[in-house]
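Here is the structure we will look at, set down as structure tokens.
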Number of protein chains: 2
Amino acid sequence: MNIGEASQASGVSAKMIRYYESIGLINAPVRTASNYRVYAEPDVHALKFVRRARDLGFTLDETARLLDLWRDRRRRSATVKAIALDHVTELERKVIEMQEMIRTLRHLAHNCHGDERPDCPILDDLTGNCAASNPPAPQHGVRKSRPSLPRRRQII
Amino acid sequence: MNIGEASQASGVSAKMIRYYESIGLINAPVRTASNYRVYAEPDVHALKFVRRARDLGFTLDETARLLDLWRDRRRRSATVKAIALDHVTELERKVIEMQEMIRTLRHLAHNCHGDERPDCPILDDLTGNCAASNPPAPQHGVRKSRPSLPRRRQII
DNA sequence: CCTTGACCTTCCCATCATGGGAATCCCTAT
DNA sequence: ATAGGGATTCCCATGATGGGAAGGTCAAGG
């Protein structure tokens, strides 16, 4: 099986298959005399595994650990579960962060006429007029005013 | 005001201030005879604007457009509102995507003993045994089984 | 047998926003 | 004068992915 066929079969682009090999995520396959990569069923299986893990939002690093566990017949399911739940925690953190952004933006947009006039509460908020910029915060103990996320990375 | 002071005052790192200048997001400030950047209040104000926009998840591109509108006294608030609501839509898309991951992972983890034994529904799911891998999908019209997101970028 | 087109190979570059660090220069206080 | 803390520029790294160039290979058809 060529890389193109393996790509088709696994749903992973050829580009990524080569990349995964280069970082040691998957094993380097055998090559033909003309240097073409040749894949077999187990390789495609591993690629599908990676694809699914990526779809579930696992990083390549976590995916590598999951792959190791997958291959280790004496693994402890507790280890796998811990990785998964850590990932869930991380996802939830991001969801909450984004929901807070959404809440603020919706509130600001709601108060914006959205017409020909230049007056705009959204720009007012960005300008620093935090006066009426934040809604009364719903139920949870969500931080009011500036999220003041401690210098965290952009959330895409 | 030095770049360090401007950084303190605005909450934007000196590194980022220089970067924002290099991509034309903010104006290049005047320099001292010894080539130090010198900032004044309006500059810090703009930096705070950028900071706040970033905190709300706007990309630098969107931030640039918002900055332009901010400076344009004849802007239409409708334009600002449209940018904000587009961004909200995008954030919501990502939130839903992540919530689907969370739902699936929680379900899988729930069915995993998490003990010494190697049997693990999480790995089973990644392996492709999609049999009992997806919960019955809650209320919303959320897509079942494979999210099959059309080759979308990683969600971190 | 040769051409054509579809594949494969490697290598470099770009994205997005940010940080790290080196080498060098400048300012201020002792 | 000297030490320290800042400033400057420049290069590199991140994570995951795509784009594309330059060149080698294979199979089918003329």
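Chain A is the first sequence line, chain B the second, and so forth, proteins listed ahead of strands; every chain is numbered from 1. Computed from a prediction, not measured in an experiment: that's the story for all the values here.
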Distance check needed: C/dC16 C1' versus B/F58 CZ, whole Å only.
17 Å
From OG1 (B/T63) to OH (B/Y20), nearest 0.5 Å
7.5 Å
Of the nucleotides C/dC8, D/dT8, D/dG19, which one has an atom closest to the side chain of A/K15?
D/dG19
When you check the gap from the basic side-chain N to the acidic O, do A/E100 and A/R103 get nearer than 4.0 Å?
yes
What integer distance in Å separates A/E21:CD from D/dA16:C1'?
17 Å
In Å and rounded to the nearest 0.5 Å, what is the CD1 to CZ distance from A/I83 to A/R65?
4.5 Å
Short side-chain N/O contact from A/S13 to OP1 or OP2 of D/dT17, under 4.0 Å
no
Would you kindly compare B/Y20 and A/I3 by the position of their nearest DNA chain C nucleotide and give the one closer to the 5′ end?
A/I3
CZ of A/F49 to OG of A/S10: how many Å apart, nearest 0.5 Å?
14.0 Å
Please work out if B/N2 contacts a base, only the sugar-phosphate, or nothing of the nucleic acid, heavy-atom cut-off 4.0 Å.
sugar-phosphate
Take atom CG of B/L60 and atom C1' of C/dT18, then tell me their distance rounded to the nearest Å.
10 Å
If you pin B/V38 and A/S34 to their nearest nucleotides in DNA chain D, which one's is more 5'?
B/V38
Using the C1' atoms of the five pairs at each end, what is the angle between the end axes of the helix from C/dC1-D/dG30 to C/dT30-D/dA1, to 10°?
40°
What is the distance, rounded to the nearest whole Å, between atom CD1 of B/I17 and atom P of D/dT8?
10 Å
Any donor-acceptor pair, under 3.5 Å, between the side chain of A/Y36 and the base of D/dG24, if you only look at N and O atoms?
yes
From CZ of B/R31 across to C1' of C/dC26 the rounded distance in Å is 14 Å
Nearest-Å distance for atom pair CG/P, residues B/N35 and C/dC25
13 Å
Quick one about A/D115 and B/S77 (side-chain donor to acceptor, distance below 3.5 Å, no hydrogens or angles considered), yes or no?
yes
Using heavy-atom distances to pick each residue's nearest nucleotide on DNA chain C, tell me which of B/T32 and A/A14 is more 5'.
A/A14
Specify the separation, in whole Å, of atom CZ of A/R18 and atom C1' of C/dC12.
14 Å
Interatomic spacing from CG in A/D72 to CG in A/L67 - rounded to 0.5 Å
12.5 Å
Toward the 5' end of DNA chain D, by each residue's nearest nucleotide, B/R37 or A/Y19:
B/R37
Output the rounded distance in Å from CD (B/E5) to P (C/dC27).
14 Å
Please report the shortest heavy-atom distance between B/L60 and B/R54, naming the atom on each side.
CD2-CD, 3.4 Å
